[in-house]
Structure formats: C-alpha cells, structure tokens
Amino acid sequence: MRDFYLMVDCNNFYASCERVFAPRLEGKPVVVLSNNDGCVIARSQEAKALGIVMGEPAYKRETFFARNGVHVFSSNYALYGDMSARVMQTLAGFAEETEVYSIDECFLLLRGLGTSSLLETAREIRRTVRKWTGIPVCVGLARTKTLAKIANRLAKKADGDGVRLLEDEADIDRILGDMDTGDIWGIGRKSALRLSSCGVHTALDLKNQADDWIRRQLTVTGLRTALELRQIPCIALEDTPPPARSLVCSRSFGTRIESLESLEEAVSAYVQRAAEKLRRKGLVAAAVQVFLETNRFQPGPRYAGSRCRALAAPTADTLDLHGPALEILRDIHKPGYKYQKAGVILLDLSPAGNRQLSFLEPHGEEKTRRDALMRVMDRINTVHGRGSLTLAASGLGKKSWHMRQERRSPCYTTSWAELPLVR
DNA sequence: TCTGGGGTCCTAGGACCC
DNA sequence: TCTGGGGTCCTAGGACCC
C-alpha cells in the first residue's frame, strides 16, 4: 500500500462548461474557439467524431460548422475559471494533498489505501463532481504522476467507466508498447522526432533505454520522465505553487494595426491589465518587457520586436509601469508594418512586502496616496466590471485593436447581469 | 478577411571571480 | 613539452505544458 497519484481531468472542459448552462446542447457537436475567435481549442465528443481537429483555424471551417450544425462559442474565461474553481474545491475534499495542475486538471495524492478503496474513491470523485458542478471528469491512478496521466487517457476511452488504475508491470508494459513517445507527458514533438530517429518509437522503448543515453538525448527532465514510467516517483506533487516569476498580458488584434497611436492604446490597456494581475497576486515587478509582431502566417514583410527594461524600483503601480512600457513600444515600433499582436511581460517578480526600498521611488505621503489610488481603481473595476476606470491613454473611442469575440456565452456565474433565468 | 494566451524549466556560453 | 581549476551569475534560446 504505497502512495498513489490520481489525475482528475475534466472531459472536454470548455465545451462541458457551455453545456452545463445550455442543456439543449447535450448530444450536439460543440466547439470553443481561442481568443480572437482564432482556432478551435475545445471540442465535445460529437465534434471530435466529425473530424474537427484541435488547433484548426476557425475561418477554414465556417461552412463545415454551419452545414453540420456545430455550435460554436468564443471562449469565455470568466465562466471557465469560475467553473474550474468549483471543480477544484470539490476535489480538495477528497485528499489532504492536491495540486491544481491546469484549469481542467488536478493531481490528488492518496496514501495507504488498497486497490479496491482507491477505485471506490475514484468513482466517488466522478459522481460527486458531476453532481455538484455538472462537469464530467475521468480519473487515472498510478504510482507516479506520469503514469497517472497515461491512466487518465485510458480512462477517457469510451468503453470504460471513466476510471483506470495502472499498477501491474505487465499491464503497464503492454500499454506503453502501444503508445508513441510523443504522447508521454513531457515528451514533445521535437524530442519524439529525435527519439524516433534513434529507433526509439514507443513509450516502452524509452522506458527500456539506458539512463545515461536518455540523459544525453533528453536532459535530466527526460530521464525523470523515463524513471516515472518505471514506477519510480521523480516528479513531486506541488501542493503549494511556487511564487510566479513572470506575468504576461498579450492579445492578437481584431484587425491589423499600422498606426503607432492605436498600438499605444493597446499596449496601455495591456499594461493596466498586467498591473492589476500583479497587485492581485501581491507582487511587484523589477522589469518590464514589451513585444510587437506582424502576422507570422501571412506572406509579406514581417517584423518582430521586443525589448526589456529594468525599472527604477520594483513596483506594482500602473503609473510606474505605464511610462516605461510605452517608451519601449516607441523604441521597437517600425512604421510601415501591419501589426497583428502585442504584449506586455512583467519580470523579476517578488512579494510586495519584503523588497529593497529605493530613494527614487515615491515614498511617504506620495506613496500612500498612490497605493490608495491603485486600490480604488481595482475596487471600482471589480465592482463595476473590468475596464470601468482606466487611463485615458488606452483610448476613448472605438477600439479597432480589440479582439474579436462574436459568439461568447453569458457569464452565468460571475456577472449579476448575465445570470441564467429559470421560468 | 480570418491561425490563442500564459507559463516553466534546462542548457550553453560569456563575463567575472579567486 | 607546455597553457589551472573551480565557481557563480546572467542571458538567450529551445523545449515543453495546458
């Protein structure tokens, strides 16, 4: 009775979220698009069955969607984030130690249970999450996180009951023998290609390679993965997430942008959003980076610029970050290009409390007033909706750089104005 | 016309130190 | 015949994840 990792993964998460509040979509093909209504990032079973591929550009499939009665949604992260929190909160009741791995995945660590209790717990998890949140999940169980991920994939296959335990060595080898290395958690396209060129094709092949060979080919991270395939735990549960090291706000534009003025508005809006996130996490940034790029899929002149700048002192104050960010933008901007995307990255993050003070930064009364201003801005934007109070620099008129979001569902659970109605 | 956004970790190589 | 040996820190770039 050793430790077991459970990987709980929500089925077709974004599509399932849309369905919770629109039961008429049950049994129908549903897809959710990325920001800017760009490409397909989630598909219901029915959509998968129609042959719709993950990551496919939506514009190439418009007529196909219409012809096949596919229900198409813009992504609604307010809804998915809130539903995710509900699922994770439910899961936290089942184990002392959990790791929220992504918006739709969670590892649980269970200690000292026999096989039958493990399986019973896994089934109970499925029932409870479905009942309390409406979201269907599958559970994979194994002695390492890497194998638990694989077990979860097996659990998702239609013929099972949504739960799969991977423990028996012969069973594991049989499964790994049927699996491409690229399907292993941590082995990406490049590594898979490289392994393949050395004659290592299946997960079982990798498991059976010599340690020093694996290390040479894939570095220590790859070796850890291989050890995990041998049921030797190397990747620990991250119960308390390490503090964030960087933070990004970037968007593709709704239309291509040429004028510096519009780019300034966009970057101004992104800095404000990034600073909000920073304050919410209780962090300060010591450096800011801005990047700008043309569409990399289109023919024609291309350009990508990026520059980073250290700040006079670490800060979470929108006004301190705003000036430097716009200066960088003017530096890297080259006229004559049609830009597609820009972003702001905050770097060298540290907790707001224990930082080195500088003579250059606002202090005393000025500092107190600025902190109060930021608190008021955040409060107003929380209560009245994001973007209610902004700097004028992000523009007052119509914003051509705003991302497209033409088919967003209501924020059923996070906006009073959009609550579902029951008749 | 139209192809997402937000992260982490590892390595190599250079600068610099004693 | 022969050119020390280690160490740290930083950065850029690559690879990976969802």
Side-chain angles (χ1 to χ4, degrees), chain A residues 7 9-10 12-14 31-42 53-65 72-77 80-81 84 99-107 145-146 149 152-153 181-195 215-225 234-236 238 241-256 270 273-274 277-278 281 286-287 289 291 293-300 304 306-308 310 338 340-349 400 403-407:
Chain A
M7 157 76 342
D9 190 330
C10 303
N12 317 322
F13 182 55
Y14 298 167
V31 302
V32 178
L33 306 181
S34 62
N35 270 333
N36 218 32
D37 292 346
C39 46
V40 175
I41 55 167
V53 177
M54 190 74 168
E56 245 182 329
Y59 73 88
K60 289 187 180 169
R61 284 289 212 164
E62 285 297 344
T63 48
F64 180 88
F65 291 157
V72 182
F73 290 90
S74 300
S75 37
N76 181 347
Y77 287 103
Y80 311 148
S84 171
E99 173 188 343
V100 177
Y101 178 66
S102 74
I103 194 163
D104 68 336
E105 291 167 285
C106 185
F107 287 106
K145 288 165 88 175
T146 305
K149 288 277 280 186
N152 186 281
R153 275 171 59 103
T181 56
D183 290 334
I184 305 168
W185 183 46
I187 309 289
R189 230 186 56 239
K190 297 271 183 179
S191 300
L193 219 58
R194 175 174 196 152
L195 289 171
R215 200 196 158 109
R216 257 199 323 278
Q217 298 295 327
L218 302 178
T219 81
V220 291
T221 48
L223 180 56
R224 270 186 219 127
T225 297
C234 295
I235 304 174
E238 278 185 5
R245 303 162 65 93
S246 65
L247 184 158
V248 178
C249 180
S250 75
R251 296 278 181 279
S252 295
F253 306 132
T255 57
R256 302 292 163 261
Y270 302 162
R273 180 72 192 118
K277 291 191 202 173
L278 194 62
K281 290 170 186 266
Q289 183 179 347
F291 67 87
E293 59 196 39
T294 53
N295 189 334
R296 60 187 192 284
F297 297 101
Q298 295 292 314
S306 168
R307 197 160 301 165
C308 179
K338 289 181 166 37
Q340 192 238 353
K341 180 177 179 176
V344 172
I345 309 178
L346 303 180
L347 300 148
D348 288 346
L349 308 187
S400 58
M403 66 177 176
R404 279 190 308 278
Q405 210 182 27
E406 285 160 7
R407 291 177 278 202

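Throughout, protein chains are lettered first and strands after them, A, B, ... in sequence-line order, and every chain is numbered starting at 1. What's counted below: heavy atoms across the whole structure, side chains too, no hydrogens, waters or symmetry copies.
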Ignoring backbone atoms, test whether T255(A) places a side-chain nitrogen or oxygen under 4.0 Å from the OP1 or OP2 oxygen of dT1(B).
-> no
Shortest non-hydrogen contact between C308(A) and A287(A), atoms and distance = SG-CB, 4.2 Å
Just jot down the salt bridge (Lys or Arg N to Asp or Glu O under 4.0 Å) partners of R61(A), sequence neighbours excluded, or say none.
-> E56(A)
V248(A): what forms a side-chain contact (heavy atoms from CB on, under 4.5 Å) with it, not counting sequence neighbours?
-> S250(A), I345(A)
Results of side-chain contact (heavy atoms from CB on, under 4.5 Å) for Y59(A) - residues two or more places apart only = P57(A)
Given the rule that a pair is Watson-Crick or G-U wobble with both distances under 3.5 Å, how would you write DNA chain C in dot-bracket, using | for pairs to a different strand?
-> ....||||||||||||||
Using the P atom on both, measure dC18(C) against dT3(B) and round to a whole Å.
-> 24 Å
Starting at atom OH of Y101(A), determine the distance to atom C1' of dC9(B), rounded to an integer number of angstrom.
-> 12 Å
Nucleotide-resolved protein contact map, nucleotides 3-8 of chain B, B/S/- at heavy-atom distance under 4.0 Å = BSSSSS
What nucleic acid atoms does K338(A) come within less than 4.0 Å of, heavy atoms only: base, sugar-phosphate, or nothing?
-> nothing
Not counting sequence neighbours, which residues clear side-chain contact (heavy atoms from CB on, under 4.5 Å) with S306(A)? List them please.
-> Q289(A), F291(A)
Sequence neighbours excluded, the answer for salt bridge (Lys or Arg N to Asp or Glu O under 4.0 Å) partners of E105(A) is K149(A)
Would you call the rings of Y14(A) and Y80(A) parallel, tilted or perpendicular, where under 30° means parallel and over 60° means perpendicular?
-> parallel
Separation of dC17(C) atom C1' from K145(A) atom NZ, nearest Å, is 12 Å
By side-chain hydrogen bond (donor to acceptor under 3.5 Å, both in side chains), T146(A) pairs with (sequence neighbours left out) E228(A)
R224(A) vs G254(A), nearer the 5' end of DNA chain B by closest nucleotide | G254(A)
Which is true for R215(A) with a 4.0 Å heavy-atom rule: it touches a base, it touches only sugar-phosphate, or it touches nothing?
-> nothing
Relative to the ring of W185(A), is the ring of Y101(A) parallel (under 30°), tilted (30 to 60°) or perpendicular (over 60°)?
-> perpendicular
Short N/O separations, protein against nucleotides 11-14 of chain C, under 3.5 angstrom:
none

Just call it for I187(A): base, sugar-phosphate, or nothing, with non-hydrogen atoms closer than 4.0 Å on any strand.
-> sugar-phosphate
Could I get the full list of side-chain hydrogen bond (donor to acceptor under 3.5 Å, both in side chains) partners for E62(A), not counting sequence neighbours?
-> R407(A)
Select base, sugar-phosphate, or nothing to describe what S75(A) touches, counting heavy atoms under 4.0 Å on all strands.
-> nothing
Excluding sequence neighbours, so at least two apart, what forms side-chain hydrogen bond (donor to acceptor under 3.5 Å, both in side chains) with N295(A)?
-> none
For R307(A), all residues meeting side-chain contact (heavy atoms from CB on, under 4.5 Å), sequence neighbours excluded = I328(A), D331(A), I332(A)
What is the distance, rounded to the nearest whole Å, between atom NZ of K149(A) and atom C1' of dC16(C)?
-> 12 Å
Grab the CG-P distance between L218(A) and dC9(B) for me, whole Å please.
-> 19 Å
Write down the distance between CD1 (I184(A)) and P (dC16(C)), rounded to a whole number of angstrom.
-> 12 Å
